[in-house]
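Right, one structure below, let's go through it.
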Amino acid sequence: MSELETIKVPDIGEVGEVEVIEVLVREGDDIAEETSLITVESDKASMEIPSPRAGTVMSVLVKTGDKVSVGSDLLVVDLVSVSNTAADSAQVSDAASQNIEASDSKDSVSSASAENKNASSLASDSRADSNTATADNVDYELIVIGAGPGGYTAAFRAADLGKRVLLIERYADLGGVCLNVGCIPSKALLHTSAVIEETKTMAAHGVSFAEPTIDIDKLRGFKENVIGQLTGGLASLAKQRKVDVAHGLAQFSSANTIDITDENNNKQSFSFSHAIIAAGSQSIKIPGLPYDDDRLMDSTGALALTDIPDRLLIIGGGIIGLEMGCVYSGLGSKVSVVELSEGLMPGCDKDLVRPLEKRLRKQFENIFLGSKVTAVSSQPDGLAVEFEGGKAPASDKFDRVLLAVGRSPNGKKLNCEAAGVTVDERGFIDVDSQQRTNVEHIFAIGDIVGQPMLAHKATHEAKVAAEVVCGQKSYFDAKTIPSVAYTDPEVAWMGLTEIAAKEQGIAIEKASFPWAASGRSLSMARNEGITKVIYEPETKRILGAGMVGPNAGELIAETVLALELGADIEDLALTVHPHPTLSETFNFACEVAEGTVTDIYVPKKNR
């Protein structure tokens, strides 16, 4: 006798109506649980809809091009046809096992059954309504603290490998600093500012534009829309993977339990077999500044885009400070930067920073190097700032001040001592190559385990930690982590720098190619860029690379791959690149090293 069930579109997140772009089953197909039935596409992404039941497809109710939403009928499945087959094949096995296992205790079977039933009940309770964890004392195979790029990657990877996961995020939306108040919103605003700057340069080429009118509310809305698409997508991915999500401040209460306190001070406690700490970092504060005055901002405040100040001072000439300087300068602010060291972007080779600094000195009001801020005081008409050192004035007044002097890890905020996890005096947690802390079943990833504090490092560490939790023999062994400043021009580098080689006493050779000889760069009216390669003198194996110019951040990946594969200069010089492109500047730099370049003249070395 048949038992027919209509399979419907499940809750797939906040996406509304979606289009069916492919039907993956036909009438008569036998399907198992989780068999993909259709592929749908929204304005955010495409996804496959799995079957919640096993059976035989009796009727397909949708076709390619149809619009469906939560609750729409997809197909009719006969549940009995497959279950009868499975039952028939299981009867012989069951009979044999009854004879073999007859001596097993009925009490122990009943006890195990009760435990399983209880565990299933807890799981069901915790996954009710949008996968929001609400039940006390729920055991999880893995709890992940922090839902930034590292945290959600770890949670999703572990869920894909079969673990039952709880993901804890302090704030309302998933995505952490990067998606909500960091990498993503800054890039949205940097794009806007770059477009404004580009329109100014076009007048020299015969195309003139009127001065832009900036609707700050619409611009802020554009930024928020970008954030919303990504954070909403993460919420959907968590639902699809059955990852439970809890919001609040997480702290260890023991080596196997975590307390979560929400914004209303309500506390829940959850136990776990494994934990991954992905709690990130926060902006560093300089003591003595008037933090109660909202005109003194950190990067989060700057990205809120409350207004466009007439004069903005940025304390710190690193990547974050210079990126935000480019944003506000493009929007019309008079930007000044004060940096304690003798150069912008400390740690990056000077030949890469030089073209950026030259351009910024034309765009910014001032750049003070070898200088520091000694005091900031609130006044009705602005923030009064006192300086010391370099060519900075004794004092000046600004409408807003952005503090961008680095970030510190959040290791001391988690009560790690209750779990026995060691945190150093700065807040970092030491881990091994499998991301394991000094406590065997607790792992840590991302900013909290050390420099560089970059999202793309965190995501790769996250997959390692999740896979180790799931029993795989994974470890983090990246030869380099690329760095990118999304300024204008962009600066990107990877591997060994000239600065590090000198400090470590490593013998190197280098070769550079100027973008002034690149047809693609000149066609963009940008000739300030360079690409350089650093290599080992004897083997010619690539050790590092860097570039400055438009889209440098998109180009650096090839050099990372070359380093990971152990490529030498000849390999790269002989690799055919498309022309005319910016990517071929790396090829040309390697040709310079090989002595085969023809696009520029390089005097031959005496050999």
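Looking only at distances, no side-chain donor or acceptor of N551 sits under 3.5 Å from a matching main-chain atom of E554. Side-chain atoms of T437 come within 3.5 Å of backbone atoms of I442 as a donor-acceptor pair (strictly under, hydrogens ignored). A donor-acceptor pair under 3.5 Å is absent between the side-chain atoms of E17 and the main chain of S69, judged by distance alone. Between the D11 side chain and the V70 main chain, no donor and acceptor come within less than 3.5 Å of each other. The closest donor-acceptor contact from the side chain of E490 to the backbone of G549 lies at 3.5 Å or more, if one exists at all. Side-chain atoms of K239 do not come within 3.5 Å of backbone N or O of L234 as any donor-acceptor pair. At least one donor-acceptor pair under 3.5 Å links the side chain of Q251 to the backbone N or O of K413. In terms of modelled atom types and a separation under 3.5 Å, the side chain of E461 and the main chain of G446 share a donor-acceptor contact. Under the 3.5 Å distance criterion, the side-chain polar atoms of E323 are left unmatched by any main-chain donor or acceptor of T487. With D432 contributing its side chain and Q434 its backbone, the two residues share a donor-acceptor pair below 3.5 Å.
Residues K457 and P452 form a side-chain contact, since some pair of their non-hydrogen atoms from C-beta on lies under 4.5 Å apart. Contact check for L555 versus F586: no side-chain heavy atoms found under the 4.5 Å cut-off. I21 places none of its side-chain heavy atoms less than 4.5 Å from the side chain of V40. Side-chain contact between L142 and I276 is present, with at least one heavy-atom pair separated by less than 4.5 Å. At a threshold of 4.5 Å between non-hydrogen side-chain atoms, the residues V57 and V76 do not count as touching. By the 4.5 Å heavy-atom criterion applied to side chains, V421 and F443 are not counted as neighbours. You'll find the side chain of I7 reaches within 4.5 Å of the side chain of P52, heavy atoms only.
Distance check: I38 CD1 to E19 CD gives 11.0 Å after rounding to the nearest 0.5 Å. The line from CE of M494 to CG of L561 is 10.0 Å long, rounded to the nearest 0.5 Å. Here the straight-line distance linking atom CG of D298 with atom CD of Q282 works out to 9.5 Å at 0.5 Å rounding. To the nearest 0.5 Å, atom CD1 of residue I184 and atom OG1 of residue T231 are 11.0 Å apart. Taking OG of S51 as the reference point, atom CG of L75 lies at 7.0 Å (rounded to 0.5 Å). H274 NE2 to K163 NZ: the interatomic distance, rounded to the nearest 0.5 Å, is 6.5 Å.
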Handout entry: Trace of the side-chain hydrogen bond (donor to acceptor under 3.5 Å, both in side chains) decision for H247 with E169
Key = CA-CA 5 Å; H247 294 276; E169 170 54 43; over 6 Å; no
Problem - side chain to side chain contact (heavy atoms under 4.5 Å, CB included) between N438 and D430, worked out - result: CA-CA 8 Å; N438 62 299; D430 188 48; over 6 Å; no
Practice task
Step by step, work out the side-chain hydrogen bond (donor to acceptor under 3.5 Å, both in side chains) result for D78 and T56.
Solution key: CA-CA 5 Å; D78 183 355; T56 299; 5.9 Å; no
Practice task
Test I448 against I429 for side chain to side chain contact (heavy atoms under 4.5 Å, CB included), laying out the working first.
Solution key: CA-CA 6 Å; I448 213 163; I429 298 173; 4.1 Å; yes
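For D571, the CG atom is densely surrounded, since the number of other residues' heavy atoms within 6.0 Å is greater than 12. Within 6.0 Å of CD in E27 there are more than 12 heavy atoms belonging to other residues, nucleotides or ligands. Within a 6.0 Å sphere centred on CD of E198, other residues, nucleotides and ligands contribute 12 heavy atoms or fewer. No more than 12 heavy-atom neighbours from other residues, nucleotides or ligands sit within 6.0 angstrom of NE2 on H460. Crowding of K463 atom NZ: a count of heavy atoms from other residues, nucleotides or ligands under 6.0 Å not exceeding 12. The environment of CG in D215 is crowded: more than 12 heavy-atom neighbours from other residues, nucleotides or ligands sit within 6.0 Å. Residue H191 qualifies as open at atom NE2: its count of foreign heavy atoms under 6.0 Å is 12 or below.
Across all their heavy atoms, S253 and S269 have their closest contact at OG-OG, 4.5 Å. When every heavy atom of A188 is checked against every heavy atom of F222, the shortest pair comes out as O-CE2, 3.6 Å. Heavy atoms only, all atoms of each residue included: V484 and A492 are closest at CG2-CB, 4.0 Å. Across all their heavy atoms, I260 and I168 have their closest contact at CD1-CD1, 3.5 Å. Heavy-atom minimum distance, A154 versus I445: CB-CD1, 4.4 Å. For the residue pair I145 and A250, the shortest heavy atom distance occurs at CG2-CB, 3.9 Å.
Of the candidates I542, N587, T559, I542 is the only one forming a side chain to side chain contact (heavy atoms under 4.5 Å, CB included) with L572. No option in V68, I49, V9 other than V68 meets the side chain to side chain contact (heavy atoms under 4.5 Å, CB included) test with V20.
Taking the charged nitrogens against the carboxylate oxygens, D217 and R220 do have a contact shorter than 4.0 Å, which makes a salt bridge. Ionic pairing of R53 and E33 is not present here: no N-O contact between side-chain nitrogen and carboxylate oxygen is shorter than 4.0 angstrom.
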Do any side-chain atoms of residues 468-483 form donor-acceptor pairs under 3.5 angstrom with protein atoms, and if so which ones, sequence neighbours left out?
residue	atom	partner	partner atom	Å
S474	OG	E467	OE1	2.6
T480	OG1	G495	N	2.7

Show the atom names and distances, to 0.1 Å, of all donor-acceptor pairs under 3.5 Å that link a side chain in residues 172-183 to residues at least two apart or in another chain.
residue	atom	partner	partner atom	Å
N180	ND2	L174	O	3.3
N180	ND2	G176	O	3.0

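In this pair, H441 and F272 present their aromatic rings tilted. The plane angle is within the 30 to 60° band.
Relative to the six-membered ring of Y140, R164 meets both conditions, a distance below 6.0 Å and an angle of at most 45° to the axis.
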